[in-house]
Amino acid sequence: MIVLSGVASGETAVTGYDYRYRMKLGEIPWEEAETLTQQRAWVEVGGLLPGTTYEVQARIVSGDAVSDWSEPGAAQTLLPEASYFARFRPVLTFRQEQTGSTGLQNAVARTILEYGYGYETKEVYSTDSDLLQRGIVNVHMQMGLPRTTERWGTWWDHGRAEATRAVLDSGAVTVIRESRGPVWWQSAFLIPQYTAEANPGLRSVEDLREHWQLFTGAGVNGKAGLITCGTGAGFTCEKINESQIHGYGLDDVLTAVPSLNWDVRHGTIIQAFRERRDILFFYWGPSLFSVVLDTEYGGFYRLEEPPYSDECWNHMGETPTEDVTHACGYDDGTAHIVVRSELLDSASSAIDLFRKWTLSNSAVEEMYAILYDLQQSISPYPDESEYREVAVHWLRTSDEWKAWVSEEIADQVLAALQ
């Protein structure tokens with residue numbers, strides 16, 4: 001129900017109101033709800049999709065004259081209530097963390113499990129690695145195993161990897177399978193697609209020796225600048241990026257330029273793309289930011305690097321930067337679904353879903369595009385309702401997930417979302 005109030009300016013009498021509404025996502029035209037008389041300042045609109053944000057506008061009618069439409073307001077409709085049978089099943093508690101793709105995977109899984117299988121689900125936000133071991137959560141849709149965690153954590157403190165290893169060795173959990181595919185990547189040597197097209201000789205890090213002057217706008221002391229991941233927090237990528245510059249023999253023409261925080265880094269990169277300036281920067285994907293660069297700003301090009309090896313990685317990480325003799329690219333990352341082991345028996349239908357689960361990179365990118373369309377910002381921390389709306393929209397429009405469930409379950413999910 002939309003509730004609005006207002007009066008016409010001056011002495012003009014109000015004879016009614018016009019209302020219109022539309023889904024916020026997609027290119028949906030406005031639909032007028034009703035023209036009311038007798039100055040009734042509300043209208044009830046039925047037949048709306050659940051879990052969906054709608055924009056609404058109103059205007060004043062005075063005889064044959066109408067005012068301008070009001071600024072849009074927005075509200076999200078409720079999702080259906082959980083199944084009656086949920087009370088007879090274990091509650092599935094998902095871990096949420098500071099990664100957008102974890103939120104997306106949680107939202108998709110929870111929606112399927114609630115409306116397809118009748119489970120009650122909830123979500124707990126925490127950066128603690130031992131929530132599964134302690135039984136506070138019983139599902140983690142995107143756990144980086146120790147090898148991956150070491151490459152995304154801090155070089156000076158591998159506590160995250162050690163904590164993950166302790167959880168896996170505790171016997172309390174079971175690794176089901178990889179949840180995303182094929183991988184996610186990171187690179188310190190990204191350039192705009194328009195820069196690559198204008199400079200066909202710039203295809204690898206070796207080519208930077210001849211093209212470094214393109215990137216002096218962000219540099220210091222006459223050198224080119226690499227917008228790195230560093231904020232002084234000691235992340236692995238800070239050390240690795242500096243080691244790569246030295247190991248590739250570029251430290252006389254290229255320097256790593258840190259940012260105060262992620263908002264500053266995002267703003268610096270976006271502004272360069274808007275002005276079509278050349279910029280060299282670190283990022284990873286699939287991510288909300290990489291998708292926005294692709295869909296809104298023409299995309300980016302990843303310069304070729306020597307392939308990852310354990311020997312090269314350890315050399316870059318453990319050797320003082322000034323003594324690094326060679327370098328290579330980052331290792332691609334993987335993520336796994338991990339559950340409390342008691343769910344293998346008590347939630348066997350959920351486990352069957354997880355064993356068939358594999359969310360493609362293209363699906364992750366599609367959902368990030370939906371998320372950006374919904375929020376119109378690069379917020380790193382959407383709320384749970386936004387993740388849910390993205391998942392609901394994706395489930396309505398994608399067939400990928402139907403390979404994980406029976407036709408009957410798919411029909412039940414879709415019926416609940418209409």
Side-chain angles (χ1 to χ4, degrees), residues 1-81 100 103-104 107-108 111 115 270 274 288 291-298 363 365-379 381-399 413-418:
M1 182 174 68
I2 304 166
V3 180
L4 298 167
S5 63
V7 295
S9 61
E11 299 179 356
T12 305
V14 175
T15 58
Y17 297 88
D18 289 339
Y19 297 90
R20 65 181 187 179
Y21 64 98
R22 67 178 180 184
M23 289 175 55
K24 188 172 182 179
L25 286 172
E27 300 296 327
I28 306 298
W30 288 99
E31 182 173 350
E32 291 208 25
E34 188 179 354
T35 300
L36 298 177
T37 59
Q38 300 177 353
Q39 301 190 33
R40 292 175 60 196
W42 62 269
V43 64
E44 182 172 342
V45 179
L48 304 180
L49 293 173
T52 301
T53 297
Y54 285 85
E55 294 182 312
V56 296
Q57 288 183 315
R59 66 183 179 184
I60 295 169
V61 179
S62 180
D64 294 331
V66 294
S67 68
D68 293 334
W69 287 107
S70 65
E71 289 296 316
Q76 188 183 62
T77 55
L78 298 175
L79 284 166
E81 293 184 2
L104 294 174
V108 172
T111 305
Y115 304 121
I270 289 292
R274 285 175 176 164
L288 176 58
V291 168
V292 169
L293 290 181
D294 264 337
T295 59
E296 301 293 318
Y297 297 101
E365 291 170 347
E366 183 180 348
M367 282 191 277
Y368 273 131
I370 296 169
L371 180 60
Y372 181 71
D373 192 20
L374 181 64
Q375 20 176 61
Q376 288 298 302
S377 71
I378 315 172
S379 168
Y381 310 121
D383 61 36
E384 183 180 327
S385 66
E386 289 175 318
Y387 282 131
R388 274 297 192 121
E389 181 162 358
V390 170
V392 166
H393 187 84
W394 183 76
L395 288 166
R396 288 182 186 132
T397 57
S398 173
D399 289 329
V413 172
L414 291 174
L417 301 181
Q418 301 303 319

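Side-chain contact check for Asp373 versus His393: every heavy-atom pair is 4.5 Å or farther apart. Annotation: side chain of Val56 is not in contact with side chain of Tyr19 (no heavy-atom distance under 4.5 Å). Under the 4.5 Å side-chain criterion, counting only non-hydrogen atoms from C-beta, Ile60 is in contact with Tyr17. Taking the side chain as every heavy atom from C-beta outward, Leu48 and Tyr21 approach each other to under 4.5 Å.
Shown here for Leu79 and Tyr115, the closest heavy-atom pair between the two residues is CB-OH, 3.3 Å. For Ser70 against Gln57, the heavy-atom pair with the smallest separation is O-NE2, 2.9 Å. Closest non-hydrogen pair, Pro50 versus Leu417, comes out as CD-O, 3.5 Å. Trp30 and Glu55 make their closest contact through CZ3-O, 3.5 Å (heavy atoms, listed as atom of the first residue, atom of the second, distance).
How far CD1 of Ile28 is from OH of Tyr54: 9.0 Å, rounded to the nearest 0.5 Å.
In this structure, the side chain of Arg388 does not engage the main chain of Gly51 through any donor-acceptor pair within 3.5 Å. Using a distance-only test at 3.5 Å, with no hydrogens or angles considered, no donor-acceptor pair links the side chain of Glu389 to the main chain of Glu386. The backbone N or O of Val392 lies less than 3.5 Å from no partner atom in the side chain of Thr111, so there is not a single donor-acceptor pair. Remark: side-chain polar atoms of Lys24 are paired, donor with acceptor, to backbone N or O of Leu374 under 3.5 angstrom. With hydrogens and angles disregarded, no donor-acceptor distance shorter than 3.5 Å links the side chain of Tyr368 to the backbone of Val292.
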Q: Give the C-alpha distance, both sets of side-chain angles, the deciding distance and a yes or no for side-chain contact (heavy atoms from CB on, under 4.5 Å) between Gln418 and Arg396.
A: CA-CA 8 Å; Gln418 301 303 319; Arg396 288 182 186 132; 3.9 Å; yes
Q.
As a quick check of understanding, evaluate side-chain contact (heavy atoms from CB on, under 4.5 Å) for Val390 and Val108, giving each step before the final call.
A. CA-CA 8 Å; Val390 170; Val108 172; over 6 Å; no
Q) Given the rule in the side-chain contact (heavy atoms from CB on, under 4.5 Å) test, do Thr52 and Gln76 qualify, once you have shown the distances and angles that lead to the verdict? A) CA-CA 5 Å; Thr52 301; Gln76 188 183 62; 5.8 Å; no
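Salt-bridge check for Arg20 with Glu32: failed, with every basic side-chain N at 4.0 Å or more from each acidic carboxylate O.
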